[in-house]
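Below is one structure; the comments refer to it alone.
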There are 2 protein chains.
Amino acid sequence: MSTVRGVRQPTIKEVASRAGVSPMTVSRTLAGGRNVRPDVQERVMAAVRELGYYRNENARSLRPGQPSGLIGVAITNLANPYYGNFALGVEEVAAEHGRRIILGNTGEDDARERQLVSDFIGRQVDGLILVPTSGDAAHLRPERLGEVPLVLASRRVPGLDADTVLLDDVGGAYRGTAALLDAGHTRIGFLGNRSSVFTGERRYRGYERAMTERGVPVDPAIVARDQQDVDAASRAARAMFDLADPPTAVFSANNRNTIGAMREIGRRLRDGVPGPRPAVVSFDDFELSELMPVPVTIIDHDARLLGREAATLLFSRLDGSAEGPARTVELPVSIESP
Amino acid sequence: MSTVRGVRQPTIKEVASRAGVSPMTVSRTLAGGRNVRPDVQERVMAAVRELGYYRNENARSLRPGQPSGLIGVAITNLANPYYGNFALGVEEVAAEHGRRIILGNTGEDDARERQLVSDFIGRQVDGLILVPTSGDAAHLRPERLGEVPLVLASRRVPGLDADTVLLDDVGGAYRGTAALLDAGHTRIGFLGNRSSVFTGERRYRGYERAMTERGVPVDPAIVARDQQDVDAASRAARAMFDLADPPTAVFSANNRNTIGAMREIGRRLRDGVPGPRPAVVSFDDFELSELMPVPVTIIDHDARLLGREAATLLFSRLDGSAEGPARTVELPVSIESP
DNA sequence: CTGTTAGCGCCTTCAA
DNA sequence: TTGAAGGCGCTAACAG
């Protein structure tokens with residue numbers, strides 16, 4: 001037995017000739033069978049089965065105006081479970097609408113994002129969903145995208161007016177910080193992303209607002225805003241805790257910073273380093289938070305839901321049920337006390 | 001200003017007429033510019049820019065034998081960080097080869113997998129990578145797939161001889177269990193997936209082999225093999241620890257079971273439930289394992305690498321550098337003691 | 001170096 | 001109820 005490699009996919013013509021009909025009859029049968037005699041339909045379907053025929057979707061969508069059934073999705077980091085869940089949400093809604101997703105990972109790289117978007121457009125995607133890298137917006141302008149609708153998720157792009165799905169970053173950070181203040185803390189550290197990261201800026205704003213509203217000054221010595229990964233976060237936490245006047249509580253603006261802070265707290269406990277056992281508020285959930293040696297409050301949200309909302313917004317443009325100016329959906333977050 | 005929606009994507013013809021050349025000259029220019037005068041190329045590229053033209057990849061790949069540049073990827077659960085990383089690895093290698101991935105989530109559903117595969121074939125994917133659900137293999141047979149190469153990842157499909165990338169499940173589980181035995185444990189519980197799950201079966205086999213080789217009997221009372229999620233794992237752990245003769249150590253066959261076991265262990269400590277503080281070996285890493293209240297050994301591996309290997313195997317078929325019978329790559333795992 | 005012709009697989013349109 | 005013609009966007013193959 002030789003392999004089947006090299007055997008071209010059968011075409012509609014081959015199905016037609018095997019069923020003894022014209023290609024059009026096959027096409028009509030596959031399209032639902034309107035105006036095709038039942039017995040003919042059966043002959044056609046038999047031929048389809050025997051040949052292992054699959055309709056060529058690319059050829060099908062060649063005709064302008066025909067949807068390709070593809071949604072282009074570009075995210076910044078698939079390895080982050082947050083974005084995995086996001087992608088899952090998008091995929092679910094796309095599947096519910098009979099669409100498939102083409103997925104690209106940008107790795108926070110501008111050039112890569114541009115490249116992905118071009119490719120997506122070239123593949124005739126019906127729509128685009130992306131978690132933008134904080135770059136410029138030229139390649140996302142309507143005149144570049146033509147009629148392809150775009151939804152941004154998690155972040156905005158400066159100067160680009162597009163449908164957007166966000167979390168309530170400011171509100172969540174505000175409430176989380178307020179919870180610490182209510183518990184009597186006044187020396188509250190901040191761990192987060194640099195301000196050029198959209199969510200980093202917003203979450204800092206929430207923290208800052210809660211502090212100043214209560215008349216508690218923000219001390220730059222215990223604000224660290226440039227940690228993108230767990231190791232950097234650990235180091236930042238360490239430096240903060242080593243101060244003569246360390247924070248009694250920490251607001252962590254995302255999962256990576258929280259894990260880093262926890263590692264450092266754990267290290268100090270294991271090594272018997274004296275000093276604070278700071279309470280922690282974490283924007284983003286993490287597993288086993290209940291086993292941590294310090295009280296942890298979680299600002300929780302649902303990335304999958306965010307993905308579903310993004311896709312829903314996109315499809316509302318695609319089916320024409322939403323028109324007009326760009327919309328922003330801001331999803332609520334919930335505070336879970338220890 | 002009205003919206004740009006409804007403006008069709010420009011075609012090669014429009015670029016041609018704007019540049020004052022024939023479509024072929026545009027095509028040649030876009031293909032690299034061989035045999036096109038430099039000044040003409042510049043005119044063409046100018047027209048491309050001005051019109052915001054993107055080559056229609058679907059039309060391009062219409063011609064039989066032309067690759068579509070798409071790889072179909074179907075995985076069981078994108079929300080699981082393990083598979084997120086896997087998908088990332090596939091995406092990386094695909095991108096290195098100038099390919100894009102179409103991603104579908106099967107949710108362990110057979111019918112969905114069949115549907116996804118049909119759709120992928122219909123979209124003329126150049127290859128398929130899938131984490132199969134433990135169903136039958138009819139839709140994956142070569143005669144159904146035509147010339148589209150297939151790589152299975154993480155699991156095998158009974159009765160299907162296809163390129164496969166696996167972890168060293170048996171060896172990893174064996175070594176992990178042996179580590180517990182070496183530490184003097186003889187009463188070692190097992191938490192894992194049902195035996196119909198490929199990895200569940202293999203990891204149990206490694207556990208069993210280590211036990212019997214050392215002459216330690218496997219006690220069914222402390223073997224729980226049917227937990228697919230964290231809650232079920234917690235319950236199974238609880239039942240096991242509540243026994244009159246509880247295990248002094250636990251082998252957990254995957255991340256979900258480990259988290260469940262940890263939750264239960266944490267609960268018992270918090271609530272002051274008397275009883276064992278079992279040592280744990282976990283197949284799959286998890287964050288903050290060093291903060292756990294019991295010693296944890298990790299059987300670690302790299303899902304991203306698994307994805308990269310799967311894609312590499314696929315491309316070796318696509319470019320003809322690998323021919324002949326199906327291959328299996330088994331990636332090693334590493335044991336990290338507490 | 002450039003253009004014309006033809007055809008990939010499918011489906012809309014029109015005719016029978 | 002069925003089929004034939006034509007064209008979607010693009011590019012090999014073949015002129016010129």
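Below, chain A is the first sequence line, B the second, and so on; all start at residue 1.
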In terms of the nearest nucleotide of DNA chain C, which residue is placed more toward the 5' end: B:Pro23 or A:Pro10?
B:Pro23

Taking the nucleotide of DNA chain C with the nearest heavy atom to each, does B:Asp39 or B:Pro64 sit closer to the 5' end?
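Per heavy-atom nearest nucleotide, the more 5' residue is B:Asp39.
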
If I take atom [atom1] in residue [X] and atom [atom2] in nucleotide [N], what distance separates them, rounded to the nearest angstrom?
X       : N      : atom1 : atom2 : value
B:Ile12 : D:dC10 : CD1   : P     : 5 Å
B:Leu30 : D:dC10 : CG    : P     : 9 Å
B:Tyr53 : D:dG9  : OH    : C1'   : 7 Å
B:Glu57 : D:dG9  : CD    : C1'   : 11 Å
B:Leu62 : D:dT11 : CG    : P     : 11 Å
A:Arg28 : D:dG3  : CZ    : C1'   : 7 Å
B:Gln66 : D:dC10 : CD    : P     : 14 Å
A:Gln41 : D:dT2  : CD    : P     : 9 Å

Where do A:Arg49 and B:Arg144 come nearest, in terms of heavy atoms and distance?
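Shortest heavy-atom contact: O-NH1, 4.3 Å.
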
Between A:Arg123 and B:Ser68, is the side-chain hydrogen bond (donor to acceptor under 3.5 Å, both in side chains) condition met? List the steps.
CA-CA 9 Å; A:Arg123 292 184 190 282; B:Ser68 67; 5.5 Å; no

Is there a donor and acceptor pair closer than 3.5 Å between the side chain of B:Arg63 and the base of D:dT11?
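When only heavy-atom distances are counted, B:Arg63 does reach the base of D:dT11 through a donor-acceptor pair under 3.5 Å.
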
Which of these nucleotides, [options], is closest to any side-chain atom of [X]?
X       : options              : result
A:Val36 : D:dG3, D:dT2, D:dT11 : D:dT2
B:Asn56 : D:dC10, D:dC8, D:dT2 : D:dC10
B:Thr11 : D:dC10, D:dC8, D:dT1 : D:dC10

Holding to ring-ring contact (aromatic ring centres under 6.0 Å, His included), I want the full list of residues that pass it with A:Phe315, two or more places apart in sequence or in another chain.
A:His97

Would you call [X] and [Y] a salt bridge, taking side-chain N to carboxylate O under 4.0 Å as the test?
X        : Y        : result
B:Glu96  : B:Arg308 : yes
A:Arg304 : A:Asp302 : no
B:Glu91  : A:Arg112 : yes

Kindly indicate, with the supporting measurements, whether the criterion side-chain hydrogen bond (donor to acceptor under 3.5 Å, both in side chains) is fulfilled by A:Arg156 and A:Thr328.
CA-CA 10 Å; A:Arg156 250 185 238 291; A:Thr328 293; 3.2 Å; yes

Going 5' to 3' on DNA chain C, which nucleotide is the first and which the last to come under 4.0 Å of a heavy atom in chain B?
C:dC1 to C:dG9

Distance test, side-chain N/O of A:Thr25 to OP1/OP2 of D:dT1, below 4.0 Å
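Result: no.
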
